[in-house]
Amino acid sequence: MSERQVTHERNPTPTSETRISNPLDLRSLQELIHEKALLYPDKSALRFRDHVITYHKLNNSANQFARLLADYGIRKGTIVGLAVDRSPEMLYCMLAIVKAGATYLPLDPEYPQARIEFMLQDAAAAYLITSEKYSGRFQTAAKEILMEDLLRQAPQYDVSPPDAAITMQDVVYVLYTSGSTGQPKGVQITQLGLVNFLIGMLKEPGLDQHDKVLALTTISFDISGLELYLPLLVGAEVVLTDVQTSRDTRHLMEIVRQQGITVMQATPATWRMMLESAWDDRLPLKALIGGEALSKKLAERLLEKCDSLWNMYGPTETTVWATLKKINIDDEIITVGRPIENMFAYILDNQLRRVPDGTVGEIFIGGVGVGVGYLNRPALNEERFMPDPFSPLPGARMYKTGDLGRIVNGGEIQCLGRMDHQVKIRGYRIELGEVEHALGKQTGIKDVVVLPKDERLIAYVVQENGTLPNFSAWQQALKTSLPEYMVPSNFVLLPRFPLSPNGKVDRNALEAMGQEIEKANRVYTAPRTEQEKLIAKIWEDYLYVEKVGIKDDFFELGGTSIVAMQIMARIEKETGKRLPLASLFTANTVEKLATEMELDDQSISWDLLVPVKPTGTKPPIFIVNGLDMNVLLFNNIARNMEPDQPVYGFQPRGLNGVDEPFETLEDMAAEYIAALLERDFPDGYALAGYSYGGVVAYEMSRQLQAMGKKVKMLAMFDTYAYNKGHFETGVPKYIRKIKRQFPKFLFITQSLIRHPKETLDYQQAFFVRKYNEIAVYIGLQRPPESDRAEDKINEKYEAAYRKYHMQTSDACAIDLFRVDTRLYYLDDPLYLGWKPYALKGINVHDVKGDHKTFLMPPNDKDFAILLQQLVDERMKA
Ligand code: AMP
């Protein structure tokens with residue numbers, strides 16, 4: 001079936017984002033150019049410095065080159081590397097390779113040598129056309145052909161087109177995409193894709209024989225195809241720049257003026273530089289922009305200076321540009337418009353279902369421009385190129401772009417940036433593009449890129465000339481439209497952004513440069529009272545921050561649960577005032593903490609139930625503290641769960657040093673339940689406990705069940721359910737103890753091999769503890785005296801645990817989070833002792849870290865994500 005039939009038969013999918021197809025002119029690129037050469041033989045096809053090459057000359061030379069190349073052995077299917085300087089010969093060669101029915105592999109000689117060699121090898125190029133200047137430079141199996149030889153030999157050949165058997169399915173070029181990570185990969189583009197794209201461009205943005213198109217882009221970037229071929233399809237002129245000129249925007253500006261350029265295509269970065277280059281007047285220029293997000297501000301500036309502005313979008317994999325949009329001055333949202341003819345764009349969810357208009361999903365592109373796939377990358381091809389279920393055509397494929405987008409304005413696509421620019425900061429999912437977009441609108445910011453760093457966002461800013469940075473104003477403005485966690489905390493000012501060879505912002509290079517400007521959202525407010533001065537000083541000592549102002553947020557300054565404990569202990573030492581760690585959740589600034597301290601002791605809240613993160617519409621999860629009594633630890637979990645997930649913690653009675661701690665585990669559970677029921681939480685609880693707290697949560701679940709309340713989730717954060725042994729006496733106890741020595745020894749030996757440092761540290765601490773216990777027991781040492789409330793509670797806790805008779809329960813199945821790094825021996829490493837008790841079963845989840853570190857960065861993130869999934873599932877049931 002011919003493609004002409006294909007497009008006639010296509011029943012255009014009636015979606016808002018699809019354009020109705022027109023029949024294609026299915027002749028090949030070379031035929032179309034040949035036709036124009038016959039029509040405009042003496043017209044200038046190509047201008048390079050002072051040289052003018054007519055259509056006749058260009059076409060004839062390309063034909064002669066093609067015939068000559070055939071004599072070298074280049075034919076249909078041969079891959080030919082092309083590494084020559086920008087020149088008319090470069091274009092002859094590109095056309096000649098295509099005319100010979102072969103495939104060209106564009107190689108910018110300015111690219112690093114190793115990269116060029118990689119591409120030649122990866123593509124298994126049979127030939128490399130280069131010039132004397134580069135002869136022998138590249139280590140390659142490809143046979144070298146010198147441009148100078150071609151120029152010498154070609155005139156002897158016939159000027160008529162060679163008759164290579166061309167089909168529209170032939171691969172016309174293999175282009176290596178930069179591949180932000182890992183090795184670059186070669187995209188194969190067909191004649192059909194290329195011609196369809198060019199014909200689409202002729203309709204919109206449109207071009208005619210009077211146009212002059214500036215060709216400034218490296219041939220290693222697919223968009224150069226538009227600059228070099230499009231003019232040749234209508235009798236227009238290509239004005240080719242050399243490499244120096246293409247890098248110098250002032251020079252480019254001169255050429256635009258002198259040559260009367262009417263169409264120019266560039267990335268936003270290049271356009272921005274052009275605007276800097278003494279461009280005051282309005283030019284009769286059709287400006288094509290693409291390759292990166294176009295900001296509203298840049299659009300406005302360009303619209304002031306150009307006749308029209310077109311935003312073009314598309315990955316290399318779907319042939320240059322797949323969608324486009326003419327930008328108007330009053331466009332509220334900058335979109336990439338609609339697909340070009342015979343191309344489709346879909347916004348899909350992760351199940352590959354279309355999402356409703358306005359909903360964000362991934363952009364998929366279908367249609368005749370979808371490339372054949374990457375060379376020699378079957379696995380990647382399967383992942384990125386897939387059957388197009390929305391196309392009525394058999395065998396149609398679509399490409400997964402990795403870009404986020406949504407449909408707006410009744411059918412236009414708003415591109416929301418790369419999915420791999422989606423980051424998680426403290427558990428919140430953030431589209432960096434959204435933050436960039438919001439910041440880009442602020443006064444004084446010309447250009448901005450936002451990158452994550454150490455759980456914070458850093459904004460790299462190029463300022464408008466002559467403006468002063470105003471970090472706090474920018475942040476304040478952002479806070480009106482974005483949640484707080486999306487507001488960058490630091491700024492780096494740069495004169496310009498580093499660019500990759502194809503003119504896009506080089507994000508990797510950006511990370512490495514620039515001096516961070518002092519934390520911008522810390523508008524320093526000096527402490528006023530003695531109390532504030534003291535607290536600020538203590539925070540400075542423990543947080544390693546030079547100047548802590550009274551409005552600075554403890555967590556934003558990098559405060560962790562361990563630091564919190566140190567700070568509270570120091571405050572107690574200096575002032576005699578004991579404050580609950582949990583107060584930092586609400587009194588999170590020096591100012592608020594000082595106010596809290598001014599309360600009389602009775603009014604300080606030592607509530608058992610601590611609102612770690614009380615906001616959100618999901619059912620809350622309640623987590624019982626472990627022996628460390630540190631509810632602040634649950635902050636890591638709360639921050640890394642979804643923003644909509646409320647988290648509460650329990651902390652024991654007696655922390656204030658006044659109240660008596662619980663005597664039994666049953667009492668503890670009962671009081672926690674009472675605190676829970678005092679508040680108006682809906683029935684159907686999600687309970688969890690860290691270590692010791694798991695047993696308390698277990699007891700709570702039993703008591704709640706007895707009260708007729710439903711527990712929907714019961715999670716153990718690495719809790720061991722060993723209990724029986726506490727009630728053993730005499731011989732059985734000793735037999736059991738002796739029996740476990742051998743496997744214990746084996747375990748410790750293995751652990752020493754796997755985690756030598758951690759195991760030694762653990763064993764050393766264990767021996768010191770045991771030694772002290774024995775020394776006290778035999779009277780060598782006096783029991784340690786401590787007036788720390790925590791030590792007193794600990795003692796009671798251990799006694800309560802020993803007294804606790806664990807019984808079976810069918811209140812709820814147990815979700816057992818088990819750490820993957822175990823530093824001490826356990827009788828039951830599989831179910832951590834829960835098998836006999838959990839009548840409804842146990843779901844085991846392995847998590848990264850040891851018993852202490854699994855709730856701390858960096859492990860806390862994955863842990864929280866898993867926990868969130870489970871809470872969602874269990875609470876739905
Ligand atoms: P490349 O394959 O080098 O052409 O890069 C394609 C990627 O560039 C797309 O997947 C987008 O992420 C980005 N891109 C291209 N054009 C635009 C545009 N007009 N607006 C936003 N992003 C774009």
Side-chain angles (χ1 to χ4, degrees), residues 106 108 111 173-181 184-189 193-194 197 201 205 217-227 265-272 287-296 298-299 302 309-327 331 333-340 343 345-347 360-365 369-371 373-374 380 384-385 398-406 408 412-422 431-434 436-437 440 447 449 499-507:
D108 185 334
Y111 272 35
Y173 62 77
V174 175
L175 204 141
Y176 276 75
T177 58
S178 57
S180 51
T181 52
K185 40 208 193 295
V187 181
Q188 307 172 79
I189 295 299
L194 182 61
F197 155 71
M201 291 295 111
T217 307
T218 163
I219 54 164
S220 288
F221 189 11
D222 66 337
I223 72 172
S224 61
L226 180 147
E227 299 166 358
Q265 167 193 259
T267 57
T270 305
W271 278 115
R272 219 171 271 123
L288 316 186
I289 189 163
E292 274 189 302
L294 164 64
S295 68
K296 183 145 173 58
L298 180 59
L302 281 170
L309 175 65
W310 296 77
N311 192 15
M312 329 282 282
Y313 163 84
T316 308
E317 288 81 347
T318 59
T319 318
V320 195
W321 305 126
T323 76
L324 86 176
K325 156 90 182 171
K326 184 167 193 259
I327 302 292
D331 284 348
I333 304 175
I334 300 289
T335 76
V336 294
R338 297 163 195 263
I340 66 168
M343 295 298 284
Y346 315 111
I347 310 290
V360 177
E362 185 174 354
I363 305 176
F364 282 71
I365 294 177
V370 176
Y374 304 115
L380 194 60
R384 313 293 297 196
F385 295 86
M398 61 182 185
Y399 172 71
K400 178 175 163 56
T401 65
D403 289 324
L404 287 169
R406 66 176 152 220
V408 294
E412 292 177 17
I413 292 162
Q414 184 186 12
C415 179
L416 297 165
R418 304 281 318 153
M419 289 174 84
D420 46 24
H421 291 172
Q422 183 183 81
E431 302 301 344
L432 296 176
E434 204 179 335
E436 286 164 3
H437 183 73
D447 206 0
V449 170
L499 299 184
S500 65
N502 55 16
K504 298 193 187 189
V505 175
D506 187 341
R507 288 175 172 249

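Excluded from the calculations below are hydrogen atoms, water molecules and symmetry mates; all remaining heavy atoms, backbone and side chain alike, are included. First listed ligand is number 1; within each ligand, the first listed atom is number 1.
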For this session: Please name the pair of heavy atoms, one in L288 and one in P205, separated by the smallest distance, quoted to 0.1 Å.
Result: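 Scanning both residues, the minimum pair turns out to be CD2-CG, 3.6 Å.
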
For this session: Could you tell me which non-hydrogen atom of T316 sits nearest to which non-hydrogen atom of I189, and how far apart they are?
Result: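 Scanning both residues, the minimum pair turns out to be O-CD1, 3.6 Å.
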
For the pair [X] (side chain) and [Y] (backbone), establish whether a donor and an acceptor sit closer than 3.5 Å, ignoring hydrogens and angles.
| X | Y | value |
| --- | --- | --- |
| S295 | G440 | no |
| W321 | G291 | no |
| E292 | V505 | yes |
| D222 | V320 | yes |

Problem set entry | Residue list, salt bridge (Lys or Arg N to Asp or Glu O under 4.0 Å) with E362, at least two apart or on another chain |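 For E362, the residues satisfying salt bridge (Lys or Arg N to Asp or Glu O under 4.0 Å) (neighbours in sequence not counted) are K400.
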
Would [X] count as being in polar contact with ligand 1, using the rule that some N or O on each side must be under 3.5 angstrom apart?
| X | result |
| --- | --- |
| T177 | no |
| G291 | yes |
| T401 | no |
| M312 | yes |
| W321 | no |

Could you list the atoms of ligand 1 found under 4.0 angstrom from a heavy atom of [X]?
| X | result |
| --- | --- |
| F221 | 3 (O), 4 (O) |
| R418 | 10 (O), 12 (O) |
| K504 | 1 (P), 3 (O), 4 (O), 5 (O), 6 (C), 7 (C), 8 (O) |
| A293 | 20 (N), 21 (C), 22 (N) |
| T316 | 1 (P), 2 (O), 3 (O), 4 (O) |
| P315 | 2 (O), 6 (C) |

For this session: Select one of side chain, backbone, both or neither to describe which atoms of E292 lie under 4.0 Å from any atom of ligand 1, heavy atoms only.
Result: backbone

Seminar exercise, completed: Under 4.0 Å between heavy atoms, the region of N311 that gets near ligand 1 turns out to be side chain

For this session: Could you walk me through whether V360 and R406 pass the side-chain contact (heavy atoms from CB on, under 4.5 Å) test, one step at a time?
Result: CA-CA 5 Å; V360 177; R406 66 176 152 220; 3.6 Å; yes

Problem set entry | For T217, all residues meeting side-chain contact (heavy atoms from CB on, under 4.5 Å), sequence neighbours excluded |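 Partners of T217 under the side-chain contact (heavy atoms from CB on, under 4.5 Å) test: F221, I223, S224, E227, Q265.
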
For this session: Run the contact test for V336 against ligand 1 with a 4.0 Å cut-off on heavy atoms, strictly below, and give the result.
Result: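 It does, in that a heavy atom of V336 comes within the 4.0 Å cut-off of ligand 1.
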
For this session: Answer yes or no for G417: is there a heavy-atom contact with ligand 1 below 4.0 Å?
Result: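 No, that is not the case, since the closest heavy atom of the residue is not under 4.0 Å from the ligand.
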
Exercise. How many angstroms lie between CD in E412 and OG1 in T323, if you round to the nearest 0.5 Å?
Worked result: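 Rounded to the nearest 0.5 Å, the CD-OG1 separation comes to 9.5 Å.
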
